[in-house]
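First comes the structure, then the notes that go with it.
Labels below follow one simple rule: chain letters A, B, ... track the order of the sequence lines, proteins then strands, and each chain is numbered from 1.
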Protein chains: 2
Amino acid sequence: MQKKDRLRLESRARIMKALGHPTRLFIVETLESREHCVCELTATIGADISTVSRHLSILKQAGVVRDEKRGSQVFYALRVPCVLRLFECVESIVKKSAEEYLELSQ
Amino acid sequence: MQKKDRLRLESRARIMKALGHPTRLFIVETLESREHCVCELTATIGADISTVSRHLSILKQAGVVRDEKRGSQVFYALRVPCVLRLFECVESIVKKSAEEYLELSQ
DNA sequence: ATCACGCTTGGCAGTTTAGCCAAATGACCA
DNA sequence: TGGTCATTTGGCTAAACTGCCAAGCGTGAT
């Protein structure tokens with residue numbers, strides 16, 4: 001495989017991997033409406049703030065979110081608008097799995 | 001968070017996670033054209049066949065691919081057509097990252 | 001200057017993942 | 001039946017991930 005192809009696959013995989021955690025998916029969904037500071041997200045999620053901060057750092061490194069420091073707070077926002085569409089596809093996989101499960105159990 | 005929401009996030013995350021590996025992304029891209037048997041995929045990927053088999057098993061469990069045994073071979077195929085569209089979004093994240101990198105390095 | 005607040009990072013323990021080899025299974029052929 | 005081919009699974013080690021606590025760091029108020 002070409003080096004270029006390998007790099008492309010790796011960067012895509014990094015994004016998918018970043019989205020491959022329930023808490024991080026929740027963060028992305030939350031950011032769909034508007035930007036949030038770390039403290040808001042932490043309050044909603046209920047985990048330790050250090051844990052939330054690490055999740056945000058993973059999303060940021062993958063390029064899914066961007067951060068902006070304002071005063072003592074850091075605000076995170078989605079960096080691309082298409083994540084919702086991405087979820088539609090993922091949801092169709094979930095649905096198909098559920099349908100086939102129902103068919104098999106009939 | 002409601003149990004229903006938690007389960008939804010978990011099943012989505014499982015799919016994302018399954019796609020979060022360069023080799024598995026390569027497999028999915030390869031299957032976009034047509035189904036392939038494990039031996040074909042193994043030859044292209046260059047890893048041990050047991051490794052490829054494990055990757056396929058992860059994709060199957062996530063509902064991304066389906067398998068069908070014919071004779072002594074097992075053929076894998078995509079189970080949903082939308083994965084290509086999913087990649088478009090991911091690619092847009094990659095592109096945006098590259099653009100901002102270029103801007104910063106100017 | 002000091003303190004509180006918001007956040008990030010170091011470090012630790014437990015869990016999961018990735019890759020390989022070797023062994024087991026299943027299908028087909030001689 | 002024995003042998004071969006295609007694939008899966010067990011078992012192992014190294015590496016990565018997750019979550020928490022504690023410590024560090026920048027900002028803003030007193």
### Query
Separation of A:Glu10 atom CD from D:dA16 atom P, in whole Å?
13 Å
## Note on the structure
Of D:dA6, C:dT8, D:dT9, the nucleotide closest to the side chain of B:Ser53 is D:dT9
### Derivation of the salt bridge (charged side-chain N to carboxylate O under 4.0 Å, His left out) call for B:Glu10 and B:Arg6
CA-CA 6 Å; B:Glu10 280 171 6; B:Arg6 196 171 46 74; 3.2 Å; yes
### Message
Whether B:Arg24 and B:Glu29 form a salt bridge (side-chain N of Lys/Arg under 4.0 Å from carboxylate O of Asp/Glu) is what I want to check.
### Response
no
### Task
Take the protein atom CZ of A:Phe75 and the nucleotide atom C1' of D:dT27, then report the distance between them rounded to whole Å.
14 Å
### Message
Taking the minimum atom-to-atom distance to the side chain of A:Ile49, which one of C:dC20, C:dT8, D:dC20 wins?
### Response
C:dT8
### Distance-only donor-acceptor test, B:Ser50 side-chain atoms vs C:dC21 base atoms, 3.5 Å
yes
### Task
Report yes or no: does B:His36 contribute a side-chain atom to a donor-acceptor pair with the main-chain N or O of B:Arg34 at less than 3.5 Å?
yes
### Message
What is the distance, to the nearest angstrom, from the CG atom on B:Leu56 to the P atom on D:dT9?
### Response
12 Å
### Under-4.0 Å side-chain N/O to phosphate OP1/OP2 contact, A:His55 with D:dG19
yes
### Query
So does A:Arg24 get a side-chain nitrogen or oxygen closer than 4.0 Å to the phosphate oxygens (OP1/OP2) of D:dT18?
yes
### Query
Can you tell me how far P of C:dG19 sits from CZ of B:Arg54, to the nearest Å?
11 Å
### Query
Of the nucleotides D:dG26, D:dT8, C:dC20, which has the atom closest to the A:Ser72 side chain?
D:dG26
### Message
In whole Å, I'd like the distance from the CD1 atom of A:Ile58 to the P atom of C:dT9.
### Response
12 Å
### Query
Picking from C:dG26, D:dT7, C:dC7, which would you name as closest to the side chain of B:Cys37?
D:dT7
### Message
When you measure from the side chain of B:Ser53 to the backbone of B:Ile49, do you find a donor-acceptor pair of N or O atoms at a distance under 3.5 Å?
### Response
no
### Task
Kindly say if A:Tyr76 contacts the phosphate of C:dT8, meaning a side-chain N or O under 4.0 Å from OP1 or OP2.
yes
### Query
What integer distance in Å separates B:Leu59:CG from C:dA18:P?
11 Å
### Query
Quick one: which of D:dT18, C:dT17, C:dC20 gets closest to the side chain of B:Thr51?
C:dC20
### Query
Distance-only, no hydrogens or angles: does the A:Glu40 side chain make a donor-acceptor pair with backbone N or O of A:Cys37 under 3.5 Å?
yes
### Task
With DNA chain D as reference, determine whether A:Gly71 or A:Gly46 sits nearer its 5' end, using the nearest nucleotide of each.
A:Gly46
### Query
Does D:dG19 have OP1 or OP2 sitting under 4.0 Å from an N or O in the side chain of A:His21?
yes
### Task
Rounded off to whole Å, could you give me the CG-to-P distance for the B:Asp48 and D:dT7 pair?
13 Å
### Rounded distance in Å - CZ (B:Arg70) to C1' (D:dC5)
17 Å
### Task
Side-chain contact test, heavy atoms from C-beta onward, threshold under 4.5 Å: evaluate it for A:Leu56 versus A:Val52 and give yes or no.
yes
### Query
Among the nucleotides C:dT8, D:dG26, D:dT8, which one has an atom lying closest to any side-chain atom of B:Val74?
D:dT8
### Message
Side-chain N or O of B:Lys17 versus OP1/OP2 of C:dT16: is the shortest distance under 4.0 Å?
### Response
no
